[in-house]
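Here is the structure we will look at.
Proteins come first, then strands; the chains are lettered A, B, ... in the order of their sequence lines, and each starts at number 1. All values reported here derive from a predicted model rather than from experimental measurement.
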2 protein chains.
Amino acid sequence: MASSQGKDPGRVRLSDVAAVAGVSLSTASKALNDGERISEETVARVREAAERLDFQPNALARSFALGRSRTIGVLTHRAASTFAGPVLIGVVLELGTLQQASLVYDENLLVHREITSSIRELRARHIDGLIVVGDGHEHVSPSMSHLFTVPVTYVFAATDRAEDITYLPDNEMAGRLATRHLIERGRTRIAHITSDPESLAVRLRARGMQHELDEAGLQLVGPVRYGTWFQNWGVEAMTELLDSGADVDAVFCGNDHLALGALQVCEARGLRVPDDIAIVGVDNWEGIILDQGVRRLTTVDLRLQMLGRTAAADVIATNRVPGEHLVEPVLVPGPSS
Amino acid sequence: MASSQGKDPGRVRLSDVAAVAGVSLSTASKALNDGERISEETVARVREAAERLDFQPNALARSFALGRSRTIGVLTHRAASTFAGPVLIGVVLELGTLQQASLVYDENLLVHREITSSIRELRARHIDGLIVVGDGHEHVSPSMSHLFTVPVTYVFAATDRAEDITYLPDNEMAGRLATRHLIERGRTRIAHITSDPESLAVRLRARGMQHELDEAGLQLVGPVRYGTWFQNWGVEAMTELLDSGADVDAVFCGNDHLALGALQVCEARGLRVPDDIAIVGVDNWEGIILDQGVRRLTTVDLRLQMLGRTAAADVIATNRVPGEHLVEPVLVPGPSS
DNA sequence: CTGAAAGCGCTTACAG
DNA sequence: CTGAAAGCGCTTACAG
C-alpha cells in the first residue's frame, strides 16, 4: 500500500463527481475547469454534481499537477519597522484576497544563511512569484530578478535595473497635494521645514511643492529649512522662522513630527492655527490617535498599506508593466490647515 | 502525454539522486528522511549524492504525498488596526522562519462570503493549522476549533471554550510592572488614571497595580480616575488630581495617550517630571518616535509582535497546552519616571 | 465532444 | 537492509 497520510476519507474527490455525473474523470475535470470542447449539457451536469456533493478540489493535488503552488514568496528587510510594517500587511492581506499564500523571509534569516540558500528554498517551494519589500527608496536594492524564473515585483524599494517592476509612494505628489491644499485655501506665503536633502523623499517632496508654487505664481518663503525628521527640529526651525520676522501664513512640513513641533511653537506664541498660520505634515502617523477620534494635524497619507496591496496584485497579474510605478497619496484634512 | 506544466527540466529529482547513489528510489527517500532501517553507509552515500547534485525535494510533490501543505491559515478581524497589525506581522514572520506559508483571510472577505465558505476553502487548501487573530480580548470570539481537524490557536483573542489555546498580553502584569517600577524608585503616593472599567484591559491593569501596592503596604491615592483612552481625559484627570490637593508623587496611566496628557499638564504647571511627579503609561506607542531617537515617556510594552510570534510557534508545535497563555510585557524606561 | 491512460515527484506498506 | 510497486488526486495530450 502507498502512503495513507494523504488520505482523507470523508472528502469528495473529482472521481466521485464524475461517477455521479456519469462521465469520465477527464471530462469532469475539463467541465469544471476550462469547459472547452465539452457540451454545455455535460458541463451543466458535472457542475450540478459537484455542487450537490460540495466538491472542493484538493489544492495540493492541483498544485502538484500544475506545478503552481499558489504561494508567493515575500522577502523583507526589517519588516517590523514603522513604515515597512503597513506595506507588509497590505501585501499579505491582498495575497490572501487573491487566494495566494505568503511565504515570508525576513532579513534576520538572510543574514544567517547564504542568500542563495533561501533562494533555493523559495524555488524548492515552487513559488509563483516574489515580492521584495524594501524600506523606502533611500537605498537602491540590487536586482534579484535574474535569480528567478517567476515574476518578481519590488515594493517600497528601488532597484539598479530599469526593467524591474517597482512600486513606490509618490513623494513628489505628496508635496504637491500639501501645497495645493494650502494654496486652495488662500495661502500665499508658504514656508517649508523638512529633513536632510540627502534623503530622496525630502528632495521629491520639496520638488512637488516647488512645482505647485510655480504653477500658482507664488514664491517660497525661503530658504527651505533642512534639518532632521525629529520634532525638536520642527520646534527649532519654526522658532527661527517666526523670529526672522518673515511674512508667512502657512508651513509645509516634511513629516508629521516636524508639523507637530511647528504646531507647538505656534500655540505657545498665541498664534491661531490655522487662522494665523496653517500647517500641513506628511505620514498620517497619528493613525492611532485618529482611531480614537482625535486629530490635530492636516497631513498627507502615503497609503503604505495600499502600496503593498498594489504590488501584491501586480505580481499575480498577467499584464505587468516594467518600470517604476507610483501610488498616489491622499490629503487628510484636519484642523491645522 | 500528461501535463507538462509540472515539469521543470533543469531540476534534480530524487530519482536522479538514487541513480547516482546506486540505490532505489525508495531507499533514497528513506535515507534522506527518517533514515531508519537503512545502513549508515547507504545513508551516507545517498546524502553525498544529494549534496553533490544540489538536490532540493519538490515541495509540491512532498505536500501532495504527505497531505500536509506547510501552510497555516490566518483568520483576522481588521488586521490593519493599530494593535492587531503588529500581532499579524509577528505571526507571518514567525511562520516564515518556521518554513510555513501564511494564507490570510481578512474579515472584509468573511462578511461578503459565508463563513462556512471560507472554512471550506481553508480545508481545500489542506492547511496544517489555523491561527485566529483577534483585536484584544474585550470581545469573546466564538470558538471555531470544532470546525477544523487541524490545530487551532487564538491570539489576541479570548474564546468561549476553556480548552481552546489562546495567547493574550498579560495586562495584569503590565499594571504590576508599571507600579513596581514606581515603587522601586521610591514613590509612595501613586494615583491611577485610566479608561472605562467596562474594558477588561482597564480592570486587569488596575488589578495588577493594586496587587503591587498591597504587597508594598501602600495605599492608592484614590479614587481610580476612570474615563476614556484619549489624551484629553489624561489632561482633565490630571488637572482634577492636582487641583484636589492630593499628595501625589507618581501616576500610573492606563495608556500612553493618558500619560502624554498628564505629562502636558504637569509641564504646564511647572512641575518637574519625574522629580516632582513620575508618570508611566502603557503601549509603547511612541515606537515611531523611538525609531528616531526621542523618547519622553516611561511605558510598558505589551510586545504584540512577540505575541504573534509565540502563537505562530505554538500552532506548529507538538506539545500544545490547552487554555489561556499570557505573554509577558516589558517595562521601557524613559525620562518621565 | 468524450474517455483511457500517462504523468506530475514524492512516500511507504509490503515482500524479499 | 533494500527495492518494486502502488498510491496521493488532479490535468491534459492523444486517440477515438
Under-4.0 Å side-chain N/O to phosphate OP1/OP2 contact, [X] with [N]:
X	N	value
A/T27	C/dG3	yes
A/S15	D/dG9	no
B/S24	D/dA4	no
B/N33	C/dT11	yes

Where the side chain of A/S39 is defined as all heavy atoms beyond and including C-beta, which of C/dT11, C/dT2, D/dT12 is the nearest nucleotide?
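Minimum distance to the A/S39 side chain belongs to C/dT2.
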
Options D/dT11, C/dC10, D/dC10, nucleotide nearest the side-chain atoms of B/P57:
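Nearest to the side-chain atoms of B/P57, counting from C-beta on, is C/dC10.
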
Find which nucleotide of DNA chain D each of B/V23 and B/A61 is nearest to by heavy atoms, and output the residue with the more 5' nucleotide.
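In this pair, the answer is B/V23.
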
Quick one: pull up CD1 in A/I119 and CG in A/L147 and give me the separation to the nearest 0.5 Å.
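Those atoms lie 4.5 Å apart.
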
Is the aromatic ring of A/F64 within stacking range of C/dC8, meaning centres under 5.5 angstrom and planes under 30 degrees?
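Aromatic stack with C/dC8 present for A/F64.
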
Checking [Y] against [X]: is there a side-chain donor and acceptor pair closer than 3.5 Å?
X	Y	value
A/D106	A/T76	yes
A/T153	A/R320	yes
B/T42	B/S39	yes
A/S26	A/S29	no

Atom [atom1] of [X] to atom [atom2] of [N]: distance rounded to whole Å?
X	N	atom1	atom2	answer
B/L14	C/dG7	CG	P	18 Å
A/E41	C/dC1	CD	P	12 Å
B/R62	D/dG7	CZ	P	21 Å
B/R125	D/dC10	CZ	P	15 Å
A/L60	D/dG7	CG	P	19 Å
B/L25	C/dT12	CG	P	12 Å
B/K30	C/dC10	NZ	P	16 Å
A/L32	D/dG9	CG	P	17 Å

For the base of C/dA4, is there a side-chain donor-acceptor partner from A/S26 under 3.5 Å away?
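Answer yes: a donor N or O sits under 3.5 Å from an acceptor.
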
Looking only at atom P, what distance separates D/dC1 and D/dA5, rounded to whole Å?
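Approximately 23 Å lies between the P atom of D/dC1 and that of D/dA5.
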
P spacing across the pair D/dT2 / D/dA6, given as an integer number of angstrom:
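About 23 Å, rounded to a whole number of Å.
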
So if I apply the ring pair (Phe, Tyr, Trp, His ring centres under 6.0 Å) rule between A/H325 and each of A/F156, A/Y154, A/Y167, which one comes out positive?
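Filter result, single survivor: A/Y167.
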
Could you walk me through whether B/E41 and B/R45 pass the salt bridge (Lys or Arg N to Asp or Glu O under 4.0 Å) test, one step at a time?
CA-CA 6 Å; B/E41 191 199 318; B/R45 209 162 67 241; 3.5 Å; yes

Which is true for B/S63 with a 4.0 Å heavy-atom rule: it touches a base, it touches only sugar-phosphate, or it touches nothing?
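If one applies the 4.0 Å heavy-atom cut-off, B/S63 turns out to touch nothing in the nucleic acid.
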
Apply the side chain to side chain contact (heavy atoms under 4.5 Å, CB included) test between A/S102 and each candidate in A/T71, A/I127, A/L95; give the one that qualifies.
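Checked A/T71, A/I127, A/L95 against A/S102; only one passes side chain to side chain contact (heavy atoms under 4.5 Å, CB included): A/L95.
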
Would you write the dot-bracket representation of DNA chain D, where each base gets (, ), [, ], | or . depending on whether it forms a Watson-Crick or G-U pair under 3.5 Å and with which partner?
|||.||||||||.|||

